[in-house]
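Following: one structure in structure tokens, then a few remarks.
Atoms considered below: every heavy atom in the structure, side chains included; atoms not considered: hydrogens, waters and symmetry mates.
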Amino acid sequence: MAGLLALGVGVPGSVQASAHASVQASARVADGPEADVAYHGRVALSGARLRIWLVPENDGPAAVPNATLRVRLSAELADRQQLAEGCARAGSREVVCETGPLPLHGRGRHIALLLDLRERAPEVAVRVDTWWDGRATDRNHSNDEHVVLALDTGDTYAF
């Protein structure tokens with residue numbers, strides 16, 4: 001779309017204006033503070049119950065007032081969940097949690113999730129990433145995007 005905007009080809013005026021506004025909004029977000037959000041934690045699967053403990057961190061160079069992390073699963077969640085404060089179900093296989101303030105070179109709140117699966121699974125892939133970054137720019141996603149395979153053994157897997 002950006003290429004079409006530059007050429008002015010085949011884009012009606014209202015669509016062109018809307019796309020241009022979207023490009024400008026993206027540029028403003030990229031102009032926000034730079035931070036390096038990271039997640040460290042553990043995952044364990046036992047029966048149809050998945051335990052996730054994690055701590056969000058920020059290596060800077062700026063503080064982040066709040067961010068939202070997302071946990072996606074390869075298995076469906078049971079209909080009823082009792083989630084930690086600041087967390088919400090975002091789909092049949094997703095939970096999102098706010099991190100709280102992430103100070104420069106500091107940690108956010110510890111997040112513990114005890115998730116019930118719809119049915120027992122021999123393994124569950126757990127994906128953790130940043131869903132909303134508090135308008136910060138994070139150029140290093142190697143420490144805030146994780147995939148952990150948890151086997152139904154009760155063993156703990158660290159990330």
Side-chain angles (χ1 to χ4, degrees), residues 1-2 19 22-23 25-159:
M1 181 67 110
S22 176
V23 169
S26 295
R28 281 194 299 273
V29 169
D31 291 339
E34 185 173 344
D36 185 14
V37 176
Y39 305 113
H40 303 287
R42 300 181 311 271
V43 175
L45 175 63
S46 182
R49 183 161 278 183
L50 181 68
R51 296 175 193 269
I52 304 170
W53 306 271
L54 59 86
V55 179
E57 298 179 356
N58 176 21
D59 290 329
V64 176
N66 197 3
T68 305
L69 67 91
R70 174 175 54 180
V71 176
R72 293 179 288 165
L73 309 175
S74 62
E76 290 201 19
L77 293 164
D79 290 337
R80 294 182 158 258
Q81 299 291 325
Q82 191 166 9
L83 298 173
E85 185 177 336
C87 296
R89 190 170 178 160
S92 65
R93 297 176 181 207
E94 289 184 51
V95 173
V96 294
C97 298
E98 66 178 352
T99 63
L102 297 173
L104 175 62
H105 302 296
R107 294 179 170 183
R109 67 185 190 89
H110 293 230
I111 298 168
L113 296 170
L114 181 58
L115 302 174
D116 291 319
L117 303 179
R118 182 173 300 281
E119 57 189 46
R120 188 176 188 149
E123 63 185 34
V124 174
V126 179
R127 298 176 187 278
V128 177
D129 63 5
T130 301
W131 194 48
W132 181 70
D133 59 8
R135 298 200 124 145
T137 300
D138 188 341
R139 299 176 202 275
N140 177 17
H141 292 289
S142 66
N143 57 6
D144 68 326
E145 295 178 354
H146 302 283
V147 179
V148 181
L149 182 63
L151 303 178
D152 182 12
T153 60
D155 293 332
T156 301
Y157 301 90
F159 60 93

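The CZ atom of R93 lies 13.5 Å from the CG atom of L115; values are rounded to the nearest 0.5 Å. Between atom CG of residue D144 and atom CG of residue D59 there is a gap of 11.0 Å, rounded to the nearest 0.5 Å. The structure places CZ of R70 at 9.0 Å from CD of E145, a figure rounded to the nearest 0.5 Å. Annotation: the span from D129 atom CG to H141 atom NE2 amounts to 9.5 Å, rounded to 0.5 Å. For the atom pair N66 CG and L102 CG, the distance stands at 7.5 Å (nearest 0.5 Å). In this structure, F159 CZ and H40 NE2 are separated by 9.0 Å, a value rounded to the nearest 0.5 Å.
The two residues P33 and A62 have their closest heavy-atom pair at CB-CB, 3.7 Å. Nearest heavy-atom pair, G154 versus A44, reported as atom, atom and distance to 0.1 Å: O-CB, 4.1 Å. Scanning all heavy atoms of the two residues, the minimum distance from A63 to N58 falls at CA-ND2, 3.6 Å. Minimum interatomic distance between A75 and V124 (heavy atoms only, all atoms of both residues): CB-CG2, 4.0 Å. Annotation for V64 and A35: closest pair CG2-CB, 3.4 Å, computed over non-hydrogen atoms. Across A121 and L45, no two heavy atoms sit closer than the pair O-CD2, 3.7 Å.
Not one N or O on the side chain of D152 forms a donor-acceptor pair closer than 3.5 Å with the backbone of E123. Judged by distance alone, the side chain of R89 and the main-chain N or O of D79 form a donor-acceptor pair under 3.5 Å. One N or O on the side chain of Q81 and one on the backbone of D116 form a donor-acceptor pair closer than 3.5 Å.
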| field | side-chain contact (heavy atoms from CB on, under 4.5 Å) assessment of L73 paired with L117 | value | CA-CA 10 Å; L73 309 175; L117 303 179; 4.2 Å; yes

| message | Apply side-chain contact (heavy atoms from CB on, under 4.5 Å) to residues C97 and R109 and explain how you reach the verdict. | response | CA-CA 10 Å; C97 298; R109 67 185 190 89; 4.3 Å; yes

| Can you list the steps and then say if I111 with L69 is a side-chain contact (heavy atoms from CB on, under 4.5 Å)? | CA-CA 10 Å; I111 298 168; L69 67 91; 3.5 Å; yes

| Check against side-chain contact (heavy atoms from CB on, under 4.5 Å), V96 and W132 | CA-CA 10 Å; V96 294; W132 181 70; over 6 Å; no

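Annotation: side chain of D133 is not in contact with side chain of V37 (no heavy-atom distance under 4.5 Å). The side-chain heavy atoms of L149 and V43, taken from C-beta on, include no pair separated by under 4.5 Å. A 4.5 Å side-chain heavy-atom check between V148 and I52 finds every atom pair outside the cut-off.
Around CH2 of W53, the count of heavy atoms belonging to other residues, nucleotides or ligands within 6.0 Å exceeds 12.
Between Y39 and H146, the ring planes lie perpendicular to each other; the angle is over 60°, past the 30° to 60° tilted range.
At a threshold of 4.0 Å, the pair D36-R139 does not count as salt-bridged, since none of the basic side-chain nitrogens sits closer than that to a carboxylate oxygen. Salt-bridge formation is detected for the pair E57/R107: a Lys NZ or Arg NE/NH1/NH2 atom is positioned less than 4.0 Å from an Asp or Glu carboxylate oxygen.
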